[in-house]
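In the text below, chain A, chain B and the rest are named by the order of the sequence lines, each starting its count at 1. What you see is a predicted model, and the numbers here were worked out from it, not measured in a lab.
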Number of protein chains: 2
Amino acid sequence: MQLSNHNPSPQNLDAIFAALADPTRRAILSKLATGEAGVNELAEPFEMSQPAISKHLKVLERAGLVERAIDKQRRPARLKAKPMAAAVTWLEDFKEFWSSSFDQLDDLLETLKQAELKEPPK
Amino acid sequence: MQLSNHNPSPQNLDAIFAALADPTRRAILSKLATGEAGVNELAEPFEMSQPAISKHLKVLERAGLVERAIDKQRRPARLKAKPMAAAVTWLEDFKEFWSSSFDQLDDLLETLKQAELKEPPK
DNA sequence: TAGTTGCATAACCGTATGGTTATATAATGA
DNA sequence: TCATTATATAACCATACGGTTATGCAACTA
């Protein structure tokens with residue numbers, strides 16, 4: 001039995017997790033959780049150029065985690081919930097599935113412990 | 001107020017999310033959730049060379065998601081729970097924080113779960 | 001001892017990432 | 001009309017990623 005690879009937004013999980021893998025982008029998301037923000041506004045706390053932030057926003061957009069609006073010259077970004085939920089769902093499904101095979105894991109732990117006893121690490 | 005970026009295993013979140021961003025690695029994790037597996041065993045389902053799988057395992061190891069053991073010539077991999085929990089924690093913290101402001105994500109998660117129940121994977 | 005198995009490592013390749021500076025563009029404001 | 005603001009885009013750079021083939025090597029097996 002395999003974990004279904006599967007439900008929420010399958011192929012997009014790549015983009016979603018990749019987007020979450022950068023600390024600047026996670027910080028941007030945190031900031032956006034308090035409300036929409038424009039590019040310069042987002043760039044300010046980081047010691048980073050405006051184009052760099054624009055690129056990060058593009059990554060977040062591609063992952064579907066962020067939407068842009070139009071407000072005069074501004075292009076304020078705001079969060080989108082759904083893809084984030086996809087990531088949560090994958091992890092929670094995984095956690096659930098994994099817990100359900102705890103018997104096997106216990107066996108393994110035992111096996112590994114025996115092996116380590118006979119042949120201690122490094 | 002900002003989302004605290006410091007809770008679980010801060011710096012490792014980069015490596016953890018990056019590791020989760022590849023479908024082959026997610027599949028490996030799924031497989032490993034059913035029990036330990038050697039490299040060739042892991043490589044078999046994928047149309048991919050053994051060195052490629054070894055590299056993926058290194059990424060998973062660096063992220064702390066996987067441990068290697070020694071069993072004769074084999075180097076079986078098994079899951080490690082803690083870092084996975086770190087990712088879940090970050091996402092759930094985020095969810096909580098965001099929901100407290102907007103109250104959207106919980107609804108969405110609920111919706112997605114319903115959808116999965118009605119429309120089972122592949 | 002010789003062959004085989006299980007894996008790691010090295011060298012290489014094309015493409016993607018994450019940053020930069022410089023420049024373009026579109027909308028506002030004077 | 002002209003300057004300013006907010007952002008995008010281009011060109012470039014170094015490094016990382018995800019794959020390959022070739023090779024090395026330790027540990028079993030015959």
Visitor: I'd like to know if the side chain of R25(A) and the backbone of A18(A) have a donor-acceptor N/O pair within less than 3.5 Å.
Guide: yes
Visitor: Which label fits F17(B) and F17(A): parallel for a plane angle under 30°, tilted from 30 to 60°, or perpendicular past 60°?
Guide: parallel
Visitor: Given atom CG of D22(B) and atom P of dA16(D), what is their separation to the nearest angstrom?
Guide: 18 Å
Visitor: Indicate if V39(A) and L60(A) have the same hydrophobic cluster label, given that clusters are the connected sets of ILVMFWY residues with side-chain heavy-atom separations under 4.5 angstrom.
Guide: yes
Visitor: Considering just the side-chain nitrogens and oxygens of R68(B), establish if one lies under 4.0 Å of OP1 or OP2 belonging to dC7(C).
Guide: no
Visitor: Ignoring backbone atoms, establish whether S49(B) has a side-chain N or O less than 4.0 Å from OP1 or OP2 of dG19(D).
Guide: no
Visitor: Testing E36(B), E61(B), E67(B) for salt bridge (Lys or Arg N to Asp or Glu O under 4.0 Å) with R78(B), which one passes?
Guide: E67(B)
Visitor: D14(B) CG to dT15(D) P: how many Å, rounded?
Guide: 19 Å
Visitor: Which nucleotide sits closest to the side chain of M48(B): dG19(D), dA8(D), dC7(C)?
Guide: dG19(D)
Visitor: Let me know the distance between CG of D71(A) and C1' of dT7(D), rounded to the nearest Å.
Guide: 13 Å
Visitor: Nearest nucleotide by nearest heavy atom, which residue falls closer to the 5' end of DNA chain C, V59(A) or Q73(A)?
Guide: V59(A)
Visitor: Name the closest nucleotide to the T24(A) side chain, picking from dG19(D), dG19(C), dC7(C).
Guide: dG19(C)
Visitor: Look for any protein N or O under 3.5 Å of an N or O in nucleotides 9-15 of chain C and output each such pair with its distance, or none.
Guide:
| unit_1 | atom_1 | unit_2 | atom_2 | d |
| --- | --- | --- | --- | --- |
| dT9(C) | OP2 | K58(B) | NZ | 2.7 |

Visitor: Could you tell me the separation between the NE2 atom of H56(A) and the P atom of dT7(D), rounded to a whole number of Å?
Guide: 16 Å
Visitor: Could you give the CG-to-C1' distance, from L42(A) to dA8(D), as a whole number of Å?
Guide: 15 Å
Visitor: Take the protein atom CD of E61(A) and the nucleotide atom P of dT7(D), then report the distance between them rounded to whole Å.
Guide: 13 Å
Visitor: Using whole Å, report how far CD1 of I70(B) lies from C1' of dA8(C).
Guide: 13 Å
Visitor: Specify the separation, in whole Å, of atom CG of N40(A) and atom P of dA6(D).
Guide: 6 Å
Visitor: Does V59(A) share a hydrophobic cluster with L13(B), counting links as ILVMFWY side-chain heavy atoms below 4.5 Å and allowing steps through other members?
Guide: no
Visitor: Check this one for me: any side-chain N or O of R74(B) less than 4.0 Å away from OP1 or OP2 of dA27(D)?
Guide: no
Visitor: Can you hop from L29(A) to L20(B) via hydrophobic side chains spaced under 4.5 Å?
Guide: yes
Visitor: Looking at R75(A) and R68(A), would you say the former's side chain and the latter's main chain have a donor-acceptor pair under 3.5 Å?
Guide: no
Visitor: For R75(A) and A21(A), find the nucleotide of DNA chain C closest to each by heavy atoms; which residue's nucleotide sits nearer the 5' end?
Guide: A21(A)
